Amino acid sequence: MLPNFRCVGVGVNREEIKRKVIEALKEVYDPEIPVDVYNLGLVYDINVDDEGNVKVVLGATAPGCPVAYMIVAQAEEAIRRKVPEAKNVQVELDLYRPWDPRRITKEGREKLKALYGYDIVEEMIKRMGLDSDNQQGA
């Protein structure tokens with residue numbers, strides 16, 4: 001008698017799904033900030049398991065952000081639309097880990113520089129008393 005094996009993750013390309021999730025998140029914006037949530041550094045974690053289930057953890061630029069849950073809903077909808085191979089999509093909001101402007105990606109920082117005409121991220125870092133050499137962005 002052969003053991004009862006179950007094939008897990010056959011045909012699931014976790015890295016490809018993660019790449020597509022990132023592209024979907026680049027279409028989601030905080031209505032007050034003209035940079036997408038990925039490049040703004042609001043994506044704290046993306047996990048794709050062997051079954052193709054997707055879990056994303058988002059932060060907010062401020063704990064009392066009145067549109068945080070709207071952004072979560074938009075992120076979930078964008079992932080479902082752009083990544084049809086994702087089996088189950090779960091997007092959570094983490095308000096316990098504070099967002100930090102050093103999380104902004106290089107691309108996000110360039111977008112903000114182009115928009116405002118100066119390095120607004122460096123200004124935020126200075127005003128918050130943070131070490132600008134300790135970059136956290138993706």
Side-chain angles (χ1 to χ4, degrees):
M1 181 169 182
L2 294 173
N4 185 12
F5 288 108
R6 184 173 149 239
C7 291
V8 176
V10 175
V12 173
N13 184 335
R14 293 167 60 179
E15 288 305 311
E16 179 65 13
I17 291 173
K18 184 175 179 178
R19 185 191 64 73
K20 288 181 176 182
V21 167
I22 290 169
E23 290 306 311
L25 292 170
K26 286 182 177 181
E27 295 182 1
V28 179
Y29 287 78
D30 180 316
E32 296 178 334
I33 304 171
V35 175
D36 63 86
V37 295
Y38 183 80
N39 284 302
L40 194 54
L42 294 178
V43 179
Y44 289 1
D45 189 38
I46 300 172
N47 184 27
V48 180
D49 70 14
D50 290 335
E51 301 286 329
N53 298 306
V54 174
K55 181 178 179 184
V56 175
V57 179
L58 297 178
T61 55
C65 177
V67 295
Y69 288 100
M70 181 185 79
I71 294 169
V72 167
Q74 289 175 347
E76 187 172 317
E77 191 277 324
I79 295 166
R80 289 183 193 282
R81 184 173 31 83
K82 300 286 280 186
V83 193
E85 62 270 35
K87 300 272 187 274
N88 180 35
V89 177
Q90 181 182 7
V91 180
E92 294 180 357
L93 182 61
D94 180 345
L95 295 176
Y96 296 103
R97 282 187 280 178
W99 175 82
D100 178 326
R102 295 173 296 181
R103 294 186 58 85
I104 298 174
T105 65
K106 186 176 184 177
E107 182 180 335
R109 197 167 179 156
E110 291 303 317
K111 287 179 180 182
L112 289 169
K113 279 183 191 177
L115 184 68
Y116 294 107
Y118 71 101
D119 191 350
I120 190 171
V121 176
E122 189 61 37
E123 185 64 28
M124 286 189 287
I125 290 169
K126 285 179 189 175
R127 287 182 184 206
M128 294 175 80
L130 302 170
D131 179 6
S132 64
D133 292 333
N134 185 15
Q135 298 294 315
Q136 296 179 11

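Given the structure is predicted, the values throughout are model-derived calculations rather than measurements.
Contact record, R103 with G41: NE-O, 2.7 Å, taken as the closest heavy-atom pair. The minimum heavy-atom distance linking A60 with A68 is given by the pair CB-CB, 4.3 Å. The two residues P34 and Y116 have their closest heavy-atom pair at CD-OH, 4.2 Å. Across every non-hydrogen atom of D49 and E51, the tightest pair is OD1-N, 2.9 Å. The shortest non-hydrogen separation linking P31 to V67 is CD-CG2, 3.8 Å.
Atom CG of D30 is separated from atom CG of L40 by 7.0 Å, given to the nearest 0.5 angstrom. Rounded to the nearest 0.5 Å, atoms OH (Y44) and CG (L93) are 9.0 Å apart. Going from atom CZ of R109 over to atom CD of E122 covers 5.5 Å, rounded to the nearest 0.5 Å. A distance of 9.5 Å separates CG of N53 from CG of N47, quoted to the nearest 0.5 Å. With rounding to the nearest 0.5 angstrom, the OH atom of Y29 is 12.5 Å from the CG atom of L42. Here OG1 of T61 is found 9.5 Å from CD1 of I104. Values are rounded to the nearest 0.5 Å.
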Stepwise salt bridge (Lys or Arg N to Asp or Glu O under 4.0 Å) test for E16 and R19
CA-CA 5 Å; E16 179 65 13; R19 185 191 64 73; 2.6 Å; yes

Verify side chain to side chain contact (heavy atoms under 4.5 Å, CB included) between K82 and E27, making sure each step is shown before the conclusion.
CA-CA 10 Å; K82 300 286 280 186; E27 295 182 1; 3.2 Å; yes

Go through the steps to decide whether D50 and V12 satisfy the test side chain to side chain contact (heavy atoms under 4.5 Å, CB included), and finish with yes or no.
CA-CA 7 Å; D50 290 335; V12 173; over 6 Å; no

Step by step, would you call V72 with E92 a side chain to side chain contact (heavy atoms under 4.5 Å, CB included)?
CA-CA 7 Å; V72 167; E92 294 180 357; over 6 Å; no

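The hydrophobic cluster containing V37 does not contain Y96, counting ILVMFWY residues as joined when their side-chain heavy atoms lie under 4.5 angstrom apart, directly or transitively.
Taking 4.5 Å as the limit, every side-chain heavy atom of K20 sits out of range of all side-chain heavy atoms of E23. Looking only at side-chain heavy atoms (C-beta outward), R102 and D131 come within less than 4.5 Å of each other. You'll find the side chain of D45 stays beyond 4.5 Å of the side chain of V56, heavy atoms only.
Looking at K18 and E15, no side-chain N of the basic residue comes within less than 4.0 Å of a carboxylate O on the acidic one, giving no salt bridge. Here E77 does not pair with R80 in a salt bridge; the nearest charged N to carboxylate O distance is not below 4.0 Å.
Applying the 6.0 Å contact sphere to CZ of R81 captures more than 12 heavy atoms from other residues, nucleotides or ligands.
Test V21, V57, I17 against I46 for side-chain contact (heavy atoms from CB on, under 4.5 Å) and you get one pass: V21. Considering V91, D36, I79 as possible partners of L25, the one that fulfils the side-chain contact (heavy atoms from CB on, under 4.5 Å) test is I79. If you run side-chain contact (heavy atoms from CB on, under 4.5 Å) between N39 and each of E107, E110, K106, only E107 comes through.
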